[in-house]
Amino acid sequence: MINETRRAPRRQIAELVPVMDQMTETSIGRLGNVSESGMLLIASAPLTDDALYQLSFPVSDRNGRTVQIHVGAHLLWNEPAHAPGQSWAGVRFLTLSSEHRALLRHWIEGGLTPA
């Protein structure tokens, strides 16, 4: 049994949920897992250590509509993955609107499906 010691519950993401860099309008990878306070990003683009990013990723709302969650984020760490051209990256959310936080919380708790 694995004891979860993080402050915020995380949702493991089995589906392909793309993560976009809002400044460059390009996909930089996909979600590995996510909480209200951050995410594990499976990056497919080069990232800058200790950098700030404006990111977005889609989730479905309670009515099945796709909503883009927008976050201001800080890249905490980045290390190569086993797949060529990919890396694992730990990202902390700095900004997240209360509306998006509530939607994300409900999605993490399993009440919603990926977009």
Side-chain angles (χ1 to χ4, degrees):
M1 177 194 224
I2 297 174
N3 292 325
E4 180 62 58
T5 60
R6 294 182 175 118
R7 289 182 219 157
R10 289 190 174 248
R11 177 178 175 157
Q12 296 299 319
I13 309 298
E15 306 85 2
L16 178 63
V17 179
V19 177
M20 300 291 293
D21 180 330
Q22 295 299 292
M23 301 304 287
T24 62
E25 298 181 351
T26 59
S27 174
I28 61 167
R30 63 183 178 88
L31 288 179
N33 66 45
V34 66
S35 75
E36 287 181 52
S37 58
M39 73 170 96
L40 173 67
L41 173 65
I42 302 169
S44 55
L47 300 173
T48 303
D49 287 339
D50 199 32
L52 301 177
Y53 289 91
Q54 292 288 90
L55 304 175
S56 67
F57 52 92
V59 300
S60 293
D61 69 9
R62 290 174 174 89
N63 298 314
R65 293 181 301 238
T66 299
V67 175
Q68 289 292 323
I69 301 292
H70 295 274
V71 298
H74 176 218
L75 179 66
L76 298 173
W77 56 269
N78 187 26
E79 62 184 50
H82 296 292
Q86 287 189 339
S87 64
W88 301 98
V91 177
R92 176 175 57 116
F93 298 155
L94 300 174
T95 59
L96 177 62
S97 73
S98 57
E99 176 187 347
H100 284 178
R101 183 176 305 278
L103 180 59
L104 186 58
R105 179 180 301 129
H106 189 64
W107 190 62
I108 290 165
E109 291 170 353
L112 302 172
T113 59

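Both backbone and side-chain heavy atoms feed into the values below; hydrogens, waters and symmetry mates do not.
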Cluster check [X], [Y]: I/L/V/M/F/W/Y, side chain < 4.5 angstrom:
X	Y	result
L75	M20	no
L76	L40	yes
I108	V67	yes
V17	I42	no
L94	V19	no

ask   = In Å, rounded to the nearest 0.5 Å, how long is the span from CG of L41 to CD1 of I13?
value =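 Here the interatomic distance stands at 12.0 Å.
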Please find the pair of heavy atoms, one from [X] and one from [Y], that lie closest to each other, and give the distance.
X	Y	result
L47	A89	CD1-CB, 3.8 Å
P58	T66	CB-CG2, 3.8 Å
G72	Q54	CA-OE1, 3.1 Å
Q22	L55	CG-C, 4.1 Å
S56	Q68	OG-OE1, 3.5 Å
S27	A45	O-CB, 4.5 Å

query = What residue pairs, at least two apart or across chains, pass salt bridge (Lys or Arg N to Asp or Glu O under 4.0 Å) with a residue in residues 21-45?
reply =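 Matches after skipping sequence neighbours: E36-R101, E36-R105.
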query = Do any pairs count as a side-chain hydrogen bond (donor to acceptor under 3.5 Å, both in side chains) and have a residue in residues 83-96, sequence neighbours left out, and if so which ones?
reply =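 Sorted pair list: H74-R92, N78-S87.
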query = Do any N or O atoms from the side chain of Y53 and from the backbone of M23 form a donor-acceptor pair under 3.5 angstrom?
reply =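 A pair under 3.5 Å: no.
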message = Would the distance check show the side chain of D61 and the main-chain N or O of N63 forming a donor-acceptor pair, the cut-off being under 3.5 Å?
response =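 The answer is yes, because a donor-acceptor pair under 3.5 Å joins these two groups.
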request  = Report the residues that fulfil side-chain hydrogen bond (donor to acceptor under 3.5 Å, both in side chains) with T26, sequence neighbours left out, ordered by chain and then residue number.
outcome  =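 Here the qualifying residues are T24.
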request  = Indicate the ring-plane relationship of F57 and W107, choosing parallel, tilted or perpendicular according to the 30° and 60° boundaries.
outcome  =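 Judged by the thresholds at 30° and 60°, the geometry between F57 and W107 is tilted.
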